[in-house]
Amino acid sequence: MKELLAKWSEFTLEAGVDEAGRGCLAGPVVAGAVILPPSFSLPGLTDSKQLSKAQRERLRPMIEEQALAWAVGVVAPARIDQINILQATFEAMHLAISQLQMPPEFLCIDGNRFRPYPGIEHCCQVKGDGRFLHVAAASVLAKTHRDSLMAALHQEFPHYAWISNKGYPSQAHRKAIQAHGPCVHHRRSFRLEPDPTLF
């Protein structure tokens, strides 16, 4: 596993920011923001998509305990439908940044687009979650917090199997929507049912 960089800028209080759930049909989009101490080291930490569920769950409490500051922002499906998923992703990121226990001096954002946060400079880094420790940490927190939310929603709506698909557009999830209809947690602005040309 390659060694990740501590941060992008020369600022000490640089926050890494990442999201989870942008491509889902159901549930919120969740963003994580993390400021790590200069001497931070956590073997195994990388892009959350490269980690197993067990690995992510093992890393989450260590990140939360050792970070100088961390927070998550959650934007619900109704808000996603209202402002679109890109703007909702930016809003979730802004919420996470605003809830950090100390204000960051600089932001390192995973991806290639971001709505500037008032008063704080930023850079966008494509695949930043596989290059920077704080962005990787943010990706783990966003993913694990969102998975926990979807597991709770699964108890209410078990026929969509969110415990396994987490709201992503699996074929089984689309067929369940077709059979049972969408619920309050589905994103109505997304194409929910299967494409009939694929069957």
Side-chain angles (χ1 to χ4, degrees), residues 15-34 47-49 53 56-57 60 63-64 67 69-101 103-104 107 109-118 120 122 124 128-129 135 137-194:
V17 184
D18 198 6
E19 56 77 27
R22 183 170 169 177
C24 294
L25 303 180
V29 62
V30 177
V34 180
D47 169 13
S48 65
K49 295 185 291 296
K53 181 179 186 296
R56 291 191 296 267
E57 292 296 339
R60 172 179 167 175
I63 293 167
E64 294 176 349
W70 66 269
V72 294
V74 180
V75 174
R79 181 63 174 165
I80 294 170
D81 291 337
Q82 183 181 25
I83 62 175
N84 78 48
I85 186 58
L86 179 62
Q87 295 305 317
T89 300
F90 295 157
E91 188 165 289
M93 289 179 169
H94 280 222
L95 283 170
I97 294 162
S98 72
Q99 294 175 80
L100 286 168
Q101 297 93 328
L107 304 171
I109 311 296
D110 183 67
N112 61 0
R113 301 175 73 180
F114 182 62
R115 186 174 73 222
Y117 188 89
I120 307 177
H122 74 273
C124 291
D129 48 7
V135 182
S139 77
V140 168
L141 295 192
K143 174 65 174 167
T144 54
H145 277 265
R146 188 180 187 281
D147 284 357
S148 294
L149 289 172
M150 295 309 295
L153 293 178
H154 170 79
Q155 302 304 313
E156 187 179 359
F157 297 94
H159 42 271
Y160 299 115
W162 290 335
I163 194 72
S164 57
N165 65 51
K166 305 301 188 292
Y168 281 91
S170 66
Q171 187 176 110
H173 187 190
R174 289 193 187 276
K175 287 184 174 180
I177 296 169
Q178 193 173 43
H180 302 281
C183 74
V184 66
H185 301 295
H186 280 101
R187 303 173 184 179
R188 303 306 178 100
S189 55
F190 284 45
R191 185 177 66 81
L192 299 176
E193 295 190 3

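Computed from heavy atoms alone, side chains included, the values below leave out hydrogens, waters and symmetry copies. Residues take their numbers from the sequence shown, with the count starting at 1.
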Visitor: Using a 3.5 Å distance criterion without hydrogens, assess whether the side chain of D110 forms a donor-acceptor pair with backbone atoms of G128.
Guide: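 Looks like yes, one N/O pair under 3.5 Å.
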Visitor: Between A96 and G73, what is the shortest heavy-atom contact and its length?
Guide: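 Scanning both residues, the minimum pair turns out to be CB-N, 3.6 Å.
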Visitor: I'd like to check R60 versus S148 (side-chain heavy atoms, cut-off strictly below 4.5 Å). Are they in contact?
Guide: yes
Visitor: Name all residues meeting the ring pair (Phe, Tyr, Trp, His ring centres under 6.0 Å) criterion together with H145; count only those two or more places apart in sequence or in a different chain, and write none if there are none.
Guide: W70
Visitor: At their closest point, which heavy atom of A67 faces which heavy atom of V34, and how far apart are they?
Guide: CB-CG1, 4.0 Å
Visitor: Quick one: do L153 and Y160 satisfy side chain to side chain contact (heavy atoms under 4.5 Å, CB included)? Show the steps, please.
Guide: CA-CA 10 Å; L153 293 178; Y160 299 115; over 6 Å; no
Visitor: I would like to know whether H180 and F157 meet side chain to side chain contact (heavy atoms under 4.5 Å, CB included); could you show each step before the answer?
Guide: CA-CA 10 Å; H180 302 281; F157 297 94; over 6 Å; no
Visitor: Sub-3.5 Å donor-acceptor pair from the side chain of S139 to the main-chain atoms of S48, do we have one?
Guide: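 Side chain of S139 to backbone of S48: a pair is present.
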Visitor: Roughly how far, to the nearest 0.5 Å, is CD1 of I97 from CG of L107?
Guide: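 With rounding to 0.5 Å, CG (L107) is 4.5 Å from CD1 (I97).
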Visitor: Less than 6.0 angstrom separating the ring centers of H186 and H173, yes or no?
Guide: yes
Visitor: Strictly distance-based, threshold 3.5 Å: is any side-chain N or O of D129 a donor or acceptor partner for the main-chain N or O of V135?
Guide: no
Visitor: Would you tabulate the side-chain donor-acceptor contacts of residues 15-29 under 3.5 Å, counting partners in other chains and residues two or more places apart, or write 'none'?
Guide:
from, atom 1, to, atom 2, distance (Å)
E19, OE1, R22, N, 3.4

Visitor: In chain order, what residues pass the side-chain hydrogen bond (donor to acceptor under 3.5 Å, both in side chains) check against N84, with sequence neighbours excluded?
Guide: none
Visitor: Sort out for me which residue in V30, V74, V75 forms a side chain to side chain contact (heavy atoms under 4.5 Å, CB included) with L95.
Guide: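 Among V30, V74, V75, the one meeting side chain to side chain contact (heavy atoms under 4.5 Å, CB included) with L95 is V75.
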Visitor: Would you compute the distance between atom CG of L149 and atom CH2 of W162 and round it to the nearest 0.5 angstrom?
Guide: 11.5 Å
Visitor: Tell me, please, which residues at least two apart from H94 pass ring pair (Phe, Tyr, Trp, His ring centres under 6.0 Å).
Guide: F114, Y117
Visitor: How long is the straight-line distance from CD of Q82 back to CZ of R188, given to the nearest 0.5 Å?
Guide: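 Going from the CZ atom of R188 to the CD atom of Q82 covers 15.0 Å.
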Visitor: Do the side chains of K53 and T144 get nearer than 4.5 Å, heavy atoms only?
Guide: no
Visitor: Working to the nearest 0.5 angstrom, can you tell me the gap between C124 SG and N112 CG?
Guide: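 Between C124 SG and N112 CG, I get 7.0 Å after rounding to 0.5 Å.
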Visitor: List for me each residue that meets side-chain hydrogen bond (donor to acceptor under 3.5 Å, both in side chains) alongside E156, sequence neighbours excluded, and say none if there are none.
Guide: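 So E156 forms no side-chain hydrogen bond (donor to acceptor under 3.5 Å, both in side chains) with any residue.
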Visitor: What residues, two or more places apart in sequence or in another chain, satisfy side-chain contact (heavy atoms from CB on, under 4.5 Å) together with D147?
Guide: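 Partners of D147 under the side-chain contact (heavy atoms from CB on, under 4.5 Å) test: R56, K143, K166.
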Visitor: Atom CE in M150, atom OG in S164: separation rounded to 0.5 Å?
Guide: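 Answer rounded to 0.5 Å: 10.0 Å.
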